[in-house]
A.B. asks: 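Supplied in structure tokens, the structure appears directly below.
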Amino acid sequence: MYSTMSTDRILGLAAAAFGAALFFIVIPIGVETVGSEDVGLLLRQDFWPRTIAALMVALGLAVAIFRLRSGAERPKPAPGPRIRPMGVLAIFAVITAVALAGTSVGLLIPSMVVFLIAAFSIDGGHPVTKLAFAVIVPLVLALFFDKVAGISLPLGSIFEGVLN
Amino acid sequence: MDVSVFFQTLGDAGTLVFTGFNLLVIPLGLIIGVCVGAMPGMSAPMGTALVLPFTFFMEPISALLLLLGVYKGGIYGGSIPAILFNTPGTVASSCTTLDGYPLTRQGKARKALDVALYASTAADVIANVALILFSGMLAGLALKFGAPETFALVFFALITVASIAGDQIFRGLITTLLGLLVATVGMENFYGTQRFAFDIYDLWSGISVLPLLIGLFAVAEIMHLMLFTRRDEDYDVAPNAGGDVHLTWAEFKPLRSVMVRGSLIGTVLGAIPGIGAAAAAFFSYDNARRRSKNKDLFGKGSLEGIAAAESANNGVCSSSFIPVLALGIPGGTAAAVIMSAFIVHGITPGPILFRENLSLVYALFIGLMLGSAALIVIGLVGVRVFSRMVNIPPGLLMPSVLAMCLFGAYASESRMLDVYIMIGAGVLGLGFRLLKLPAAPFLIGFILGPMLESAFRDTLMQDSGNPLAFLDSWIAAVFWTMSVISLFFVVRGRMRKKPDPVSSSA
């Protein structure tokens, strides 16, 4: 049977495991402690991250051990909407398109692609309007930020010559 | 001060303010501010910075009134996308999303926007009066805030914010810790070494708050819609949601005390350099939740929640100028920009200003009051326009917001890393939603984390590592006591909580 209590317990254990991984693996690799060999523990660069990691372990274990949700097992809640596989794919497509913005493609074309993916994943609006908006909205935004706000955007090789 | 001198100074101030140009500049600044604040990625301080070069040719008083208008309008404007699209236009309005967006989804966008406007204006007036009457006293109080007091205050703030998660405070504490952890990314301030930057140069300056904020709330919301929504009817904005559903007097009446309390919280916290509008909004929100008869509505669409958050963040807006005017210390980024405007125009803020240029100070006070009156007029017109935006089909509206977020994230620091951070924060926010973890404590942990760490270190260094230094002043002791009491009530509340009838019957 589903229970919020067991969800909390899993979450608590996950938080404790994450905190432990931080403490023993990530912090020694990711935090430079050069120059603080002679100072006390409290003033070292890794003291603060280690404190947070330790608190996370303690809190996670506390949640897992002491069953912090009041009451006993709860009945399974009414099933909510199911995750759409196409929605997952669309999110991956958005992430990929945004990743491309870092290349010579620039920010404008990926934002048009992102607009299209989001527009066709969420209903409402005519498909032709969506296509038109996917071009117009990012273009207007790019012009606003570039020309009005004076922020130089990476427009990509195609649009750089046209807009500048 | 001699009464005749007072009236003469007031008369001089009136002559300075009441010119045709100044009466035009005040609403213009507010309109620019509202538009800037309403656009994700364009913060109120950024708006003041963008407008600053245009003020060089103006008289000092006109320049300052324009900048103050932009700042005021920006803080209020941030509430508009926070309510309509779950996208806080500014960090200050992040707390407004908690109840604003649920109200929009219930078809009550207009009511939410009305409350935000009234709360903002009320806070503006109260904070202005405080600025006029208590500048000296509040500045004195702010000066008493050293490292131990700041550490105790921020610690109390984190406990308060984590309890926003209600009966799931432990989930709130986990996300607070995650926020504190993410805030450590970047260059360590004391030694100048890197933490979790992994040799990525752009990460040395840390993670910017704006892309994180936009990702956590707006992008996560859009991704959630993409995951679950297929048809129009799944997106539960009622038809004509923003249309004509005004706030009624009966609904407004109980909000008055919430607004006054929120304004006072914002005014006092705004006078302390560094605390910021977001923290004040969460403080006020939690205070309102604890006192409310309808606690369960908080986070699900409470008008009190919006009133508390908006009154506090706007209270901060005016009172953050108390340290600038009285001491010459900027309390935040926007105050620093406006202080630079003082300096550009040959005015030195601080005690000397009150001695040598009192008529300018009074003129500013008058201008601030006029700004509050203008804000309500501009806001009422703006609410009519903005509230109709929810009637745009979600398939067009949400992708437009997403595109705005992409450009806004880049614009915040002009670097692509912020766009990636925004998308990463969106995935994190989506994860929080799916796991039912509250995002607000994460954000406030992230915002207050650096202040907490630096106050911790400074306290220890000032007293040769003696941990008792944290209790070394009455202000710190007051906040520690409040933290302990707060935790005690949370734990007691959990112990006393009767088993859920549904649970027992299962």
Side-chain angles (χ1 to χ4, degrees), chain A residues 8 11 15 22 30-36 40 42-43 45 48-49 52 55-56 59-60 62-63 68 70-75 81 83-84 87-88 90-91 94-95 98-99 101-102 107 111 114-115 118-119 121-125 129-130 133-134 137-138 141-142 145 149-154, chain B residues 42 50 167 170-171 173-174 177 180-181 184 188 190-191 193-198 222-223 225-232 234-235 393-400 402-404 406-407 410-411 414 416 419-420 423 427 430 435 437 453 456-457 460-461 465 494 497 499-500 502-504 506:
Chain A
D8 275 352
L11 197 69
L22 267 176
V31 179
E32 278 182 6
T33 51
V34 183
S36 65
L42 297 176
L43 295 174
Q45 294 101 320
W48 197 248
I52 296 167
L55 283 172
M56 203 170 277
L59 189 68
V63 174
L68 287 161
S70 63
E73 300 284 311
R74 291 187 177 201
I83 291 176
R84 293 186 309 119
V88 180
I91 288 172
V94 164
I95 294 169
V98 172
L107 192 58
S111 58
V114 165
F115 191 109
S121 305
I122 303 166
D123 270 12
T129 322
K130 286 180 178 182
F133 268 52
V137 172
L141 285 169
F145 278 106
I151 293 158
S152 172
L153 296 168
Chain B
M42 301 282 285
L50 284 173
D167 65 340
F170 296 98
R171 288 174 177 237
L173 284 172
I174 285 175
L177 287 174
L180 289 173
L181 184 73
T184 63
E188 202 274 340
F190 190 71
Y191 296 95
T193 53
Q194 59 167 317
R195 287 194 302 205
F196 307 117
F198 300 107
I222 294 165
M223 284 181 173
L225 273 175
M226 288 165 75
L227 268 189
F228 291 105
T229 311
R230 188 76 196 114
R231 307 207 167 279
D232 282 353
D234 293 331
Y235 188 74
L396 292 173
L397 183 66
M398 288 308 179
S400 304
L402 186 57
M404 212 184 281
L406 279 173
F407 285 102
Y410 182 86
S414 291
M416 197 50 75
V419 180
Y420 300 145
I423 291 290
V427 174
L430 182 66
L435 291 169
L437 288 165
E453 185 184 2
F456 175 83
R457 177 164 284 169
L460 286 176
M461 287 180 72
R494 293 195 67 83
K497 196 174 176 186
D500 190 333
V502 180
S503 335
S504 354

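Everything numeric here is computed off the predicted structure, so don't read it as measured data. Lettering of chains follows the sequences in order, A, B, ..., and the numbering in each one begins at 1.
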A.B. asks: Taking all atoms of both residues into account, what is the closest heavy-atom pair of P393(B) and G125(A), and its distance?
C.D. replies: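 So the minimum-distance heavy-atom pair works out to CB-N, 3.6 Å.
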A.B. asks: Kindly compute the distance separating CZ (F115(A)) from CG (L406(B)), expressed to the nearest 0.5 Å.
C.D. replies: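 Here the rounded value is 11.5 Å.
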A.B. asks: Going through the checks in order, is the side-chain contact (heavy atoms from CB on, under 4.5 Å) test met by T33(A) and T193(B)?
C.D. replies: CA-CA 7 Å; T33(A) 51; T193(B) 53; over 6 Å; no
A.B. asks: Look up atom OG1 in T184(B) and atom CD in Q45(A), then write down how far apart they are to the nearest 0.5 Å.
C.D. replies: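 The distance works out to 12.0 Å.
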A.B. asks: Looking at chain B, which one of L11(A), V88(A), I95(A) has the largest number of heavy-atom pairs inside 4.5 Å, strictly under?
C.D. replies: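 Result: the option with the highest number of such pairs is L11(A).
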A.B. asks: Looking at every non-hydrogen atom in both residues, tell me the closest pair between G395(B) and K130(A) and how far apart they are.
C.D. replies: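 Residues G395(B) and K130(A), closest heavy atoms: O-CE, 4.0 Å.
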A.B. asks: Given 3.5 Å as the limit, does a donor-acceptor pair link the side chain of R195(B) with the main chain of E32(A), or not?
C.D. replies: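 Judged by distance alone, no pair lies under 3.5 Å.
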A.B. asks: Measure distances from L396(B) to the heavy atoms of chain A and classify the residue's part below 4.5 Å as side chain, backbone, both or neither.
C.D. replies: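 Contact with chain A: backbone and side chain both.
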A.B. asks: Check I174(B) against A15(A) and note the closest heavy-atom contact, atom names and distance.
C.D. replies: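 Between these two residues, the closest heavy atoms are CD1-CB, 3.9 Å.
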A.B. asks: Let me know if F196(B) has heavy atoms under 4.5 Å from chain A in its side chain, its backbone, both or neither.
C.D. replies: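 Answer is both: backbone and side chain atoms of F196(B) are under 4.5 Å from chain A.
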A.B. asks: Identify which part of L460(B) has an atom lying under 4.5 Å from any heavy atom of chain A, answering side chain, backbone, both or neither.
C.D. replies: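 For L460(B), side-chain heavy atoms alone lie under 4.5 Å from chain A.
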A.B. asks: So do the side chains of Q194(B) and V31(A) get within less than 4.5 Å of each other, counting heavy atoms only?
C.D. replies: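 Side-chain contact under 4.5 Å: no.
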A.B. asks: Indicate the atoms forming the closest heavy-atom contact of Y420(B) with V98(A), along with that distance.
C.D. replies: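 Result for this residue pair: CE2-O, 3.4 Å.
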A.B. asks: To the nearest 0.5 Å, tell me how far I91(A) CD1 sits from I222(B) CD1.
C.D. replies: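 Here the interatomic distance stands at 11.0 Å.
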A.B. asks: When the ring planes of F407(B) and F145(A) are compared, do they come out parallel, tilted or perpendicular, using 30° and 60° as the limits?
C.D. replies: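 Parallel, since the angle between the ring planes stays under 30°.
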A.B. asks: Test your reading of the model: is there a side-chain donor-acceptor pair from Y410(B) to the backbone of L153(A), 3.5 Å cut-off?
C.D. replies: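 Looks like no, no N/O pair under 3.5 Å.
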A.B. asks: Relative to chain B, which segment of S152(A) carries a heavy atom at a distance below 4.5 Å: side chain, backbone, both, or neither?
C.D. replies: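 For S152(A), the backbone is the part near chain B, not the side chain.
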A.B. asks: Of the listed residues (A90(A), A134(A), A118(A)), which shares the most heavy-atom pairs with chain B below a 4.5 Å separation?
C.D. replies: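 If we count pairs closer than 4.5 Å to chain B, A118(A) comes out on top.
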A.B. asks: Name the region of S400(B), side chain, backbone, both or neither, that has any atom closer than 4.5 Å to a heavy atom of chain A.
C.D. replies: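 When you check distances to chain A, atoms from both the backbone and side chain of S400(B) fall under 4.5 Å.
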A.B. asks: Checking L177(B) against chain A: side chain, backbone, both or neither under 4.5 Å from a heavy atom?
C.D. replies: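 Contact with chain A: backbone and side chain both.
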A.B. asks: In Å and rounded to the nearest 0.5 Å, what is the OG to CE distance from S121(A) to M223(B)?
C.D. replies: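 Interatomic distance, S121(A) OG to M223(B) CE, rounded to 0.5 Å: 11.0 Å.
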A.B. asks: With only heavy atoms counted, which part of E188(B) is less than 4.5 Å from chain A, the side chain, the backbone, both or neither?
C.D. replies: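 When you check distances to chain A, only side chain atoms of E188(B) fall under 4.5 Å.
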A.B. asks: Quick one: does M226(B)'s side chain get under 4.5 Å of V94(A)'s, heavy atoms only?
C.D. replies: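 Yes. Closest side-chain heavy atoms under 4.5 Å.
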A.B. asks: Apply side-chain contact (heavy atoms from CB on, under 4.5 Å) to V63(A) and R171(B), showing your working.
C.D. replies: CA-CA 9 Å; V63(A) 174; R171(B) 288 174 177 237; over 6 Å; no
